[in-house]
Amino acid sequence: MTQTKQAAIRKIGVLTSGGDCAGLNAVIRAVTDAAVGRGWEVVGLLNGHLGLLSTPPDILPLTADTVRGDLLRAGGTILGTTTKGDPFKFPAEDGTTSDRSEHVRAAIRELGLEALVVIGGDGSMRLFDRLLEGVGIPWVGVPKTIDNDVPGTEFAVGFFTAVEIVGQSLDRLASHAASHRRIMVLEVMGRDSGFIALFGGIAGGADVILMPEFPYDLEAVAAHVRKITHDWPSPVLVVVAEGVEKPAGERRKGNVGLAIANSLQNLTGFDARCTVLGHVQRGGTPAMFDRLLGSAMGARAVSVLASGQNRRMVAWQGGLVTDVPLADVVTGPRFVAKDSQLIRTARRLGTYVGEF
Ligand code: F6P
C-alpha cells in the first residue's frame, strides 16, 4: 500500500475517462458529497484528459448543490469523457503526433489540485498512472465499464445496466422468435471479454452464448439448435459478444452476429435474424445496482484519499467495497475464466458456451 506523506487535502479533482456508461454520475455525486463533507473543494475536470489540454483547463466546480437532485438517476456523465487524443502521442491536424503529457501535468498543478479521482476502465487507469508520475499528488481510481473487464474488482460501474438491457432485449426477442419460429442472434458489446454476454445471456435465457475467450464450432452450435428444437423450426436465442471471431471462411464485411445468423440459417434451414445492441447498452438511466455501486465506490475513493493512500483502485469483492493496489489493476483486461461458476451454471442449464 503506497502511503503518501502529505499535508491535509483541501482541493481535489474528479474526472471520467474512456467510454461512457450508466452510473458515472452516481460516482461523481458520491465523490462530491463525501469530499464536501470533509470540507474539501471539488473540481470536475471536463472531457477526460482533454479538458486538461485546454488553456485554461476546462473545469466544472462541483458542490453539494450541483450534484443534488436527479444526478444519481441520469445516464452519461455531466463531466463528459473521451476515448481519444492520447496525450503521449497527441494527434495534430497534419497527421503528426506530439507528447503533450507535460501540459496535462502543468494544468493539474495550475489548478492547485492536491488529489485526483479517476473514474475509468483499465486503459484509463494505465494512462493516468503514467500521467501522474512525477506530479506528486495522490490519486485513486473508480472502475467503470460495461465490459466488466477491470482486474481487481468483481464488478465495475455500468456493467449491470448493460446486463439489464441485454436481458430485456432477449425478453423482447423471445416473443418475436416464438411468433416466427426463428433463430434470433443478439450481438452485445464485449471486445475482449464476454461478461456481458454471459451474465445477460443466462439472465435472459439464451440457448447459445458465444464469448471472445472461448473457441466455438458452428457445426456444433447448429447440432445444439437441432437438438433443443427436435429439428423443427422453433424459437432459439443466441447471444454473441462483438469480439467473437467470425466463422471460419466468412470474409464478408459486417458484424460477427450477422455472420453467425447467416451461417446458422444455412446450417439448420431455420430462418435467422440478427440484432446488434451497440451503444444502447451504455446509455440511459442506471440500474439500481450501478447506482449503489457508484455511490459506495465514490464515497470509498474519498476515504482512501483521506487516509493518505495513493495509487489505489476501489473495488467490489465478496459483497463489500474495498480498495486494491493500482499495480494489480494496470496489468490488462480481465477475462471470463473457463472454470467460473457461471460457465458451469450455463452448461448445467443446457446452454452452448463453446468448445473447451
Ligand atoms: O470498452 C467498452 C466498449 O463498450 C466495448 O465493448 C466496445 O467495443 C467499445 O466500448 C466501443 O466504444 P466506442 O464506440 O466508444 O469506441
Side-chain angles (χ1 to χ4, degrees), residues 15-25 27 46-50 75-77 79-87 89 91 118-128 141-170 185-201 204 206 209-214 239-246 253-260 274-287 290 293-294 297 313 329-336:
L15 60 85
T16 45
S17 172
D20 79 334
C21 63
L24 296 175
N25 286 324
V27 184
L46 299 183
N47 306 321
H49 62 275
L50 291 184
T77 161
L79 297 179
T81 188
T82 186
T83 53
K84 300 220 163 7
D86 179 350
K89 282 188 210 143
V118 174
I119 308 165
D122 70 305
S124 300
M125 301 295 167
R126 271 193 298 279
L127 173 67
F128 276 88
V142 176
K144 67 85 218 168
T145 165
I146 67 163
D147 290 355
N148 205 36
D149 58 356
V150 182
T153 184
E154 286 162 26
F155 301 124
V157 174
F159 172 61
F160 274 98
T161 305
V163 168
E164 187 70 37
I165 293 167
V166 170
Q168 285 171 6
S169 303
L170 287 171
V185 175
L186 180 66
E187 184 185 305
V188 302
M189 278 188 169
R191 205 177 25 214
D192 305 308
S193 304
F195 290 102
I196 301 176
L198 182 61
F199 280 62
I209 301 173
L210 303 182
M211 293 157 272
E213 291 88 340
F214 311 118
V239 175
V240 176
E242 65 180 336
V244 161
E245 266 188 43
K246 278 195 179 163
K253 280 200 176 149
N255 295 67
V256 61
L258 183 62
I260 286 174
C274 170
T275 299
V276 179
L277 263 187
H279 296 79
V280 167
Q281 295 156 96
R282 291 189 1 198
T285 306
D290 277 329
L293 203 57
M297 285 184 163
M313 184 188 79
V329 176
V330 293
T331 47
R334 191 169 73 97
F335 301 107
V336 175

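Indexing begins at 1, ligand by ligand and atom by atom, following the structure's order.
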Give me the pairs of N or O atoms, one from ligand 1 and one from the protein, that sit under 3.5 Å apart.
residue  : atom   : partner : partner atom : Å
ligand 1 : 1 (O)  : D147    : OD2          : 3.3
ligand 1 : 4 (O)  : R282    : NH1          : 3.4
ligand 1 : 6 (O)  : D147    : OD1          : 2.9
ligand 1 : 6 (O)  : D147    : OD2          : 3.0
ligand 1 : 6 (O)  : G190    : N            : 3.2
ligand 1 : 6 (O)  : E242    : OE2          : 2.7
ligand 1 : 8 (O)  : E242    : OE1          : 3.4
ligand 1 : 8 (O)  : E242    : OE2          : 2.7
ligand 1 : 10 (O) : R282    : NH1          : 2.9
ligand 1 : 12 (O) : R282    : NH1          : 3.0
ligand 1 : 14 (O) : H279    : NE2          : 2.7
ligand 1 : 15 (O) : R282    : NH1          : 3.4
ligand 1 : 15 (O) : R282    : NH2          : 3.2

How many angstroms lie between atom CD of E242 and atom CG of L210, to the nearest 0.5 angstrom?
13.5 Å
Taken to the nearest 0.5 Å, the spacing of L277 CG from Q168 CD works out to 10.5 Å
Sidechain-backbone polar pair: N148 side chain, F159 backbone, donor-acceptor under 3.5 Å:
no
Drop me the distance from R334's CZ to E154's CD, to the nearest 0.5 angstrom.
7.5 Å
First locate atom CD1 of I196, then atom OG1 of T145, and finally report the distance between them rounded to the nearest 0.5 Å.
7.0 Å
Test item: T275 side-chain N/O and L186 main-chain N/O as donor-acceptor pair under 3.5 Å
no
